[in-house]
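No hydrogens, no waters, no symmetry mates; every other heavy atom, side chains included, goes into these values.
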Amino acid sequence: RMNPYIADILSQPPVLRKALKKYSTTLLEKIKLSEFDRIIISGMGSSYNAAYPSLIRLSSQATPVQLVNAAELLHSLHGMIGTRSLLWLNSQSGRSAELVHLLDRLETRHLGCILSFVNDLSSPMAKRADVCIPIHAGEEATVSTKTYTNMLATNLLAAIQLSGGHVDAGIREMRATTDAMESYLAHWENH
């Protein structure tokens, strides 16, 4: 029987292909960056780190963007979230304690928009978001592998779309990357 961690790693290419195939540009059509005074991206662990390329991509826009650890946002910096903020939340499970508590704290405040990226569409974060982007990574047996890859990809596709880029070109590039991953992983024991 194969080690569950290795199985998760080897399943990255097919689940990434699934996420790329299912990415829907219509989900983000109602979000216009010009309507917001800031973009606040948050998450914990690998979901936080997966947002970094999106931060870079969105930084070229007129709307200021910040990447803030969810614990810091919950405990110290929640005052930065206003009525014209785009709150971009990443959580593989959609149940990250810090983000769920943050949403509880903000429940009585009028917010600009909550955009969430989750793997579980029945999760509290998915249900409370104005717009929810599924990452389509499936279940993992151990630590974040395919959920990290899919979070990274869907975040970047959303950033490309919201910044007026060509999503189709991004998907083509990611498919080429997926093919390269698959070729490399075909010989994982040698590596």
Which of Ile31, Val131, Ile41 passes side-chain contact (heavy atoms from CB on, under 4.5 Å) with Trp88? Answer is Ile41
Criterion side chain to side chain donor-acceptor pair (under 3.5 Å) on Thr145 and Glu140, from CA distance to verdict: CA-CA 8 Å; Thr145 52; Glu140 280 183 313; 2.8 Å; yes
Is the shortest heavy-atom distance from the side chain of His136 to the side chain of Lys21 under 4.5 Å? no
Under a 4.5 Å cut-off applied to non-hydrogen side-chain atoms, are Leu87 and Leu106 in contact? yes
Quick check: are there more than 12 heavy atoms from other residues, nucleotides or ligands sitting under 6.0 Å from NE2 of His78? yes
Just wondering, are more than 12 heavy atoms of other shown residues or ligands nearer than 6.0 Å to NE2 in His191? yes
Would the number of heavy atoms belonging to other residues, nucleotides or ligands and lying under 6.0 Å from CD of Glu139 be above 12? no
Do you reckon Leu99 sits in the same ILVMFWY cluster as Ile133, going by side-chain contacts under 4.5 Å, direct or chained? no
Would you say Leu20 and Val118 are hydrophobically clustered, going by side-chain heavy atoms of ILVMFWY under 4.5 Å? no
Do the side chains of Trp188 and Ile9 get nearer than 4.5 Å, heavy atoms only? no
Could you check whether any side-chain heavy atom of Tyr23 comes within less than 4.5 Å of a side-chain heavy atom of Leu28, counting everything from C-beta outward? yes
Note, Leu10 side chain near Met2 side chain (heavy atom, < 4.5 Å): yes
Determine whether Ile39 and Met80 fall in the same hydrophobic cluster, where Ile, Leu, Val, Met, Phe, Trp and Tyr are linked whenever their side-chain heavy atoms lie under 4.5 Å apart. no
If you group Ile, Leu, Val, Met, Phe, Trp and Tyr by side-chain heavy-atom gaps below 4.5 Å, do Leu89 and Leu27 land in one group? no
When you measure from the side chain of Ser144 to the backbone N and O of Ser46, does any donor-acceptor pair fall under 3.5 Å? no
Below 4.5 Å, heavy atoms only, C-beta onward: do Ser123 and Gln92 meet side chain to side chain? no
Hey, are the side chains of Ser93 and Asn119 touching, using non-hydrogen atoms and a 4.5 Å cut-off? no
Does Ile81 form a side-chain contact (heavy atoms from CB on, under 4.5 Å) with Leu102? I'd like the steps, not just the answer. CA-CA 11 Å; Ile81 304 167; Leu102 176 67; 4.1 Å; yes
If you take all heavy atoms of Asp37 and Ser85, which pair is closest and at what distance? OD1-N, 3.8 Å
Considering residues, nucleotides and ligands other than Lys32, do more than 12 of their heavy atoms fall under 6.0 Å from its NZ? yes
May I ask you to test the Met174-Leu157 pair for a side-chain heavy-atom distance under 4.5 Å? yes
